[in-house]
Colleague: 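Handing you a structure now.
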Protein chains: 2
Amino acid sequence: MTAILRTSNMKELLKQNIRKHIVLSENETEEFCDLFEQKSIQKKGFLLREGEVCKFEGFVTKGLFRVYHIDQNGFEQILYFAVENWWITDIDSFCNETPSQLYIEALEDSEVLVITKINKEFSYANLPKIEKLFRVMTQKTHVALQRRMIDNLSKTAESRYIEFREKYPHIIQRLSNIQIAAYLGITNVFLSNIRKKIALKK
Amino acid sequence: MTAILRTSNMKELLKQNIRKHIVLSENETEEFCDLFEQKSIQKKGFLLREGEVCKFEGFVTKGLFRVYHIDQNGFEQILYFAVENWWITDIDSFCNETPSQLYIEALEDSEVLVITKINKEFSYANLPKIEKLFRVMTQKTHVALQRRMIDNLSKTAESRYIEFREKYPHIIQRLSNIQIAAYLGITNVFLSNIRKKIALKK
DNA sequence: CGAAAACATTAAACTAGTTTAATAAATTAG
DNA sequence: CTAATTTATTAAACTAGTTTAATGTTTTCG
């Protein structure tokens, strides 16, 4: 009983999120959201590992994930974090059905609503507005990545850190400095130097 | 007469490009392509400047553009190049109708087919498959940018240069080293060192 | 609770990439 | 065709960020 109530609360989050992007009737929303299935992932558990084909798109209702890549030298680069109300997938692997180069790992005990590729394709065919939903969402994600690309090319690690702190204060407090450094594209040693320098300025 | 023939050749390129992404009837293709208008931009001319709202989406049929940002220190970062068969816009400014942070400049005498935001919205409403077209295209662009982001975080300038040369040999030969360096995120002085180092290895 | 593991900080030597400036070569425009 | 501008190269001093390693702190978990 409790579990059922909790699941419907999570679907409520999803419905709210969809409404932020497009206008859908109550029936359409219901029909689409019914295609999602709830998954619990414990801290340090993986939703996806390198080499697997990503067969889902997920909507985080609880917890925190990191999406990262491990390079030839064994260093981790974090593409993005996903907390409540964020979507996660490896769009490259999902669209092209190729082995993923990414890991998606829970940094806290987490809950995700996932839709399979088959059900997503089904929605595209049956609910034309879902096509619009994902067009709009992909556009927004792309805009965010484009801004980050410009920042990475033009700003120092220090200002990237300061801006990340300002933009995501609620996320940063849930992250270790190791994770923050891997997102900023620097070592945790250098992040420590930056933090000291900032602290001294005050 | 010549001009008309040339325009229809360019529309042919556009039609071929659309077919690569989705399946459309001949009528639908025709109807959509008729919404595009041809524009000629001379070398060193601008399709968009910082501060302007980007009101178009463009398809390059001839020439070469660079899409770049100028940072606080006056340095240029190139987001991407666009040659024949590539699309160009500032998706951020276009979608949000906010002033652009980007310049789009022709590096050669160029031709573009442009569609206005109004006509694009019109297509979304009247030709549902156009929604799919742009969802699919945005996904592909996003995948490419995501791969580039990972490369920029994990690889040295030297291997980024080598891989750029391998991936776009036909584009690189039309670019000065200054442009290539601005794309790789390094100075042209350092690019010169890299080129020397590579030449000595052989 | 206590041991082990993960995390944050500091220092010091190092390197990838920048800066400035000078020179030669190639393009462009009148 | 020639002058002016842009481009490519080189050198040398410099800096943002890395590497390695040591130390103390915090978190995890049996």
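First the proteins, then the strands, lettered A, B, ... as listed; each starts at 1.
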Colleague: So, A:Phe164 versus A:Tyr183, ring centres under 6.0 angstrom or not?
Modeller: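 Judged by ring-centre distance (under 6.0 Å), A:Phe164 and A:Tyr183 do meet the cut-off.
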Colleague: Just how far, in rounded Å, is P of D:dG17 from CG of A:Leu153?
Modeller: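 Distance, rounded to whole Å: 13 Å.
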Colleague: Under 4.0 Å between a side-chain N or O of A:Arg195 and OP1 or OP2 of C:dA8?
Modeller: no
Colleague: Ignoring the backbone of A:Phe190, work out which of D:dA16, C:dT9, D:dT10 is nearest its side chain.
Modeller: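 Looking only at heavy atoms from C-beta outward on A:Phe190, the closest nucleotide is D:dA16.
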Colleague: Mind calculating the distance between NZ (A:Lys196) and C1' (C:dA8) to the nearest angstrom?
Modeller: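 The distance from NZ of A:Lys196 to C1' of C:dA8 comes to 13 Å, rounded to the nearest Å.
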Colleague: Both B:Val189 and B:Lys44 contact DNA chain D. Taking the nearest nucleotide for each, which residue is further toward the 5' end?
Modeller: B:Lys44
Colleague: Within the side chain of A:Asp109, is there an N or O that forms a donor-acceptor pair under 3.5 Å with the backbone of A:Lys43?
Modeller: yes
Colleague: Strictly below 4.0 Å: does B:Thr187 bring a side-chain N or O up to OP1 or OP2 of C:dT18?
Modeller: yes
Colleague: Give the rounded distance in Å between these two atoms: CD1 of B:Ile186 and C1' of D:dT15.
Modeller: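 So the CD1-C1' distance, B:Ile186 to D:dT15, works out to 17 Å.
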Colleague: Indicate yes or no for a side-chain donor-acceptor contact from B:Arg66 to the backbone of B:Ile78 under 3.5 Å, with no hydrogens or angles considered.
Modeller: no
Colleague: Rounded to whole Å, how long is the line connecting atom CG of B:Asn188 with atom C1' of C:dT23?
Modeller: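 Nearest whole value for this atom pair: 15 Å.
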Colleague: So, applying salt bridge (Lys or Arg N to Asp or Glu O under 4.0 Å) with A:Glu28, which one of A:Arg19, A:Lys129, A:Lys15, A:Lys132 is it?
Modeller: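 Of the listed residues A:Arg19, A:Lys129, A:Lys15, A:Lys132, the salt bridge (Lys or Arg N to Asp or Glu O under 4.0 Å) partner of A:Glu28 is A:Lys129.
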Colleague: Hey, is the side chain of B:Ser192 poking within less than 4.0 Å of OP1 or OP2 on D:dA8, counting only N and O atoms?
Modeller: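 Checking D:dA8 against B:Ser192, no side-chain N or O comes under 4.0 Å of OP1 or OP2.
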Colleague: Would you say B:Asn177 reaches D:dT9's phosphate, i.e. side-chain N/O to OP1/OP2 under 4.0 Å?
Modeller: yes
Colleague: Return the nearest nucleotide to the side chain of B:Lys43; candidates are C:dT28, C:dT10, D:dT19.
Modeller: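 Shortest atom-to-atom distance from the side chain points to C:dT28.
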Colleague: Among D:dG17, C:dT10, C:dG17, which nucleotide has an atom closest to any side-chain atom of B:Ala157?
Modeller: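 Looking only at heavy atoms from C-beta outward on B:Ala157, the closest nucleotide is C:dG17.
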Colleague: Nearest whole angstrom, please: distance from the P of D:dT9 to the CD1 of B:Ile180.
Modeller: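 Nearest whole value for this atom pair: 10 Å.
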Colleague: May I have the distance from A:Ile194 (atom CD1) to D:dG17 (atom P), rounded to whole angstrom?
Modeller: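 After rounding, the reported distance stands at 7 Å.
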Colleague: Rounded to whole Å, how long is the line connecting atom CD of B:Glu76 with atom P of D:dT6?
Modeller: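 From B:Glu76 CD to D:dT6 P: 12 Å.
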Colleague: Measure CG/B:Leu184 against C1'/C:dT18 and give the value in whole Å, please.
Modeller: 15 Å
Colleague: Determine whether a donor-acceptor pair (N or O, by modelled atom type, separation under 3.5 Å) exists between the side chain of B:Arg160 and the backbone of B:Arg148.
Modeller: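 Checking the backbone N and O of B:Arg148 against the side chain of B:Arg160, no donor-acceptor pair under 3.5 Å is found.
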